[in-house]
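Please read the structure below before turning to the comments.
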Amino acid sequence: MIIEPKVREYICTTAHPQGCAESVRNQADYACKQGMVNGTKKALIIGCSTGYGLASRICALENCGADTLGIMFERQANGRRTATPGWYNTAEFHRLASGKGVYAKTINGDAFSKEIKEKAIELIKQDLGKVDLVVYSLAAPRRTDAEGKTWSSCLKTTDEPFTEKSLDLRNNEITEKTVEPATEEEVLSTVKVMGGEDWADWIDALKAADVLTENAVTVAYSYIGPELTYPIYYHGTIGTAKQHLQKTMSEINQAHPDVRAVISVNKGLVTQASAAIPVVPLYFAILYKVMKRAGNHENCIQQIARLFTQKLYTPEGFRTDENGFIRMDDYELLPEIQEEVKKCWKAVTTDTVNQYCDIDGYWEDFYHMFGFHYSDIDYTQDVDANVEINGIVM
Ligand code: NAD
């Protein structure tokens, strides 16, 4: 079939297999150039198919030569529908790993469930023995917990309504958006989905099954961002969940003294998860412009390759701040970057959107996530949307 992008506001409902494969190969090439470190040998990547989780899996392979077991929740192609980008990304990742003679298997299913945890443990026992790294990189709209209750996350404030400039992604116009406060139930529900409970459940289950090596590392990804977005992000429902995740780091370290849990606070980037947050895409579009001009912009793979080679696996151990967090948002939060972002934020209007925002860069990243806008791919050609993944466990 001929596959074209079908964009609905902040989501694209199609994905291109060749473009997704190219994006994975580009990321692998970049990571490979950063050199090898003495890091993970066997890793479990929960949320392995897109964004930060995919980048982590690629760095585990390219910077450490590690065997990886991945967990994802993706859809394969059926009839007239393409697969999701994460499906095509994973097919290419498996091809790359197998080309190097390195183990890669992926479980496609709900990482929150007991059944998928048990399946992962069974596979680790059977194929790997133990893992020394667990990356927790889930971004999900809902979670069904062990008691069978389904919780949904929402993107709201936690006190007052919040009105701010926003980028209307349908027409690149600057509009105003009001985000309503969440109810207590909605805050709790978001914490249940995006907080640390499931991360701790995973580590408890892996530990109880004795499939973690001594001093195994587990890293979960968080975001804080600038004060500008605090009302909708860090002080909003999602930030409340992230603070819970951060607290879980200490709880895991206390409960399991031979596990080293750490939070990596990453840079804000366009991914399927972040494009859906109100107000934030405008901040990203301005941030991209400012950081590219300053020469310190990084994408997912640049962030994670720097994490693996300079902050996670170093001879002195983790490089953290005073709270014990690894700060990959160090460049984003530099005072000179944030000062400039604030100025642009105040000044930007629909007429000056291209002057202050990296709109093209934003959309380029967006289309690349779905495998589109690669100059060497002929998108007018018929392609087979059905792509098999060698080593998938359904
Ligand atoms: P993403 O949407 O690109 O990736 C989410 C991953 O989770 C995918 O692999 C998906 O298949 C998997 N997943 C979702 N629901 C699942 C389920 N029920 N079972 C199994 N797998 C499931 O998201 P991302 O932006 O890479 O986010 C990953 C983490 O990084 C999140 O915790 C996010 O908050 C954090 N983070 C993101 C940013 C950002 O700006 N994008 C910044 C800092 C931190």
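Read the numbers this way: they start at 1 and go in the same order the structure lists the ligands and their atoms. All values reported here derive from a predicted model rather than from experimental measurement. In this chain, residues are counted from 1 in sequence order.
- Aromatic pair His368/Tyr374: ring centres closer than 6.0 Å.
- At a 4.0 Å heavy-atom cut-off, ligand 1 touches Lys267 through the backbone alone.
- The nearest heavy-atom contact from the protein to atom 31 (C) of ligand 1 is Leu138 O, 3.4 Å.
- Close contacts of ligand 1 with Ser49, meaning ligand atoms under 4.0 Å from a residue heavy atom, involve 8 (C), 9 (O), 10 (C), 11 (O).
- Among all protein heavy atoms, the one lying closest to atom 1 (P) of ligand 1 is Thr50 OG1, 3.4 Å.
- Atoms of ligand 1 lying under 4.0 Å from any heavy atom of Ser137, numbered from 1 in the order shown and given with element: 5 (C), 6 (C), 7 (O), 28 (C), 29 (C).
- Against a heavy-atom cut-off of under 4.0 Å, Phe112 is close to the following atoms of ligand 1: 18 (N).
- Between the side chain of Glu160 and the backbone N or O of Pro181 there is no donor-acceptor pair closer than 3.5 Å.
- For atom 38 (C) of ligand 1, the nearest protein heavy atom (residue, atom name, distance) is Tyr52 CE1, 3.5 Å.
- For atom 12 (C) of ligand 1, the nearest protein heavy atom (residue, atom name, distance) is Gly47 CA, 3.8 Å.
- In this structure, the side chain of Ser274 engages the main chain of Leu269 through a donor-acceptor pair within 3.5 Å.
- With rounding to the nearest 0.5 Å, the separation of CE in Met328 from CD1 in Ile304 is 7.0 Å.
- Heavy atoms of Lys242 approach ligand 1 to within less than 4.0 angstrom.
- When the options Cys48, Ala139, Ser274 are ranked by their closest heavy atom to atom 27 (O) of ligand 1, first place goes to Ala139.
- Within the cation-pi definition used here (under 6.0 Å to the ring centroid, within 45° of the axis), Arg57 does not qualify as a partner of Tyr52.
- The ligand atoms of ligand 1 that sit less than 4.0 angstrom from a heavy atom of Leu269 are 39 (C), 40 (O), 41 (N).
- Of all the atoms in ligand 1, the ones that sit under 4.0 Å from a non-hydrogen atom of Gly268 are 40 (O).
- Taking each heavy atom of Pro5 and Tyr367 in turn, the nearest pair found is CB-CE2, 3.7 Å.
- In terms of protein heavy-atom proximity, atom 19 (N) of ligand 1 is closest to Ala111 N, 2.8 Å.
- Taking the six-membered ring for Trp and the full ring otherwise, Phe284 and Tyr362 have centroids separated by 6.0 Å or more.
- The shortest separation from a heavy atom of Gly109 to ligand 1 is under 4.0 Å, placing the residue in contact.
- Checking each of Arg293, Lys289, Lys292 against Glu340 for a salt bridge (charged side-chain N to carboxylate O under 4.0 Å, His left out) leaves exactly one that passes, namely Arg293.
- Of the protein's non-hydrogen atoms, Glu74 OE2, 2.8 Å is the one closest to atom 11 (O) of ligand 1.
- Relative to atom 41 (N) of ligand 1, the option among Asn266, Asn89, Thr271 with the closest non-hydrogen atom is Thr271.
- At least one donor-acceptor pair under 3.5 Å links the side chain of Thr237 to the backbone N or O of Cys154.
- Annotation for ligand 1: atoms under 4.0 Å from non-hydrogen atoms of Ser222 are 43 (C), 44 (C).
- Between the side chain of Lys165 and the backbone N or O of Trp345 there is at least one donor-acceptor pair closer than 3.5 Å.
- Close approach of ligand 1 to Asp110 is summarised as follows: ligand atoms under 4.0 Å from at least one heavy atom of the residue are 17 (C), 18 (N), 19 (N).
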What's the verdict on side chain to side chain donor-acceptor pair (under 3.5 Å) for Thr309 and Gln34, showing C-alpha distance, side-chain angles and the deciding distance?
CA-CA 8 Å; Thr309 60; Gln34 310 315 304; over 6 Å; no
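- Between Tyr221 and Tyr136, the ring center distance fails the sub-6.0 Å criterion.
- Taking atom 30 (O) of ligand 1 as the reference point, the nearest protein heavy-atom neighbour is Tyr221 CB, 3.4 Å.
- With ligand atoms numbered from 1 in the order given, ligand 1 contributes 15 (N) to contacts under 4.0 Å with heavy atoms of Ala140.
- In this structure, the side chain of Gln302 engages the main chain of Asn299 through a donor-acceptor pair within 3.5 Å.
- The nearest heavy-atom contact from the protein to atom 16 (C) of ligand 1 is Phe73 CB, 3.5 Å.
- With a 4.0 Å cut-off on non-hydrogen atoms, Cys300 does not touch ligand 1 at all.
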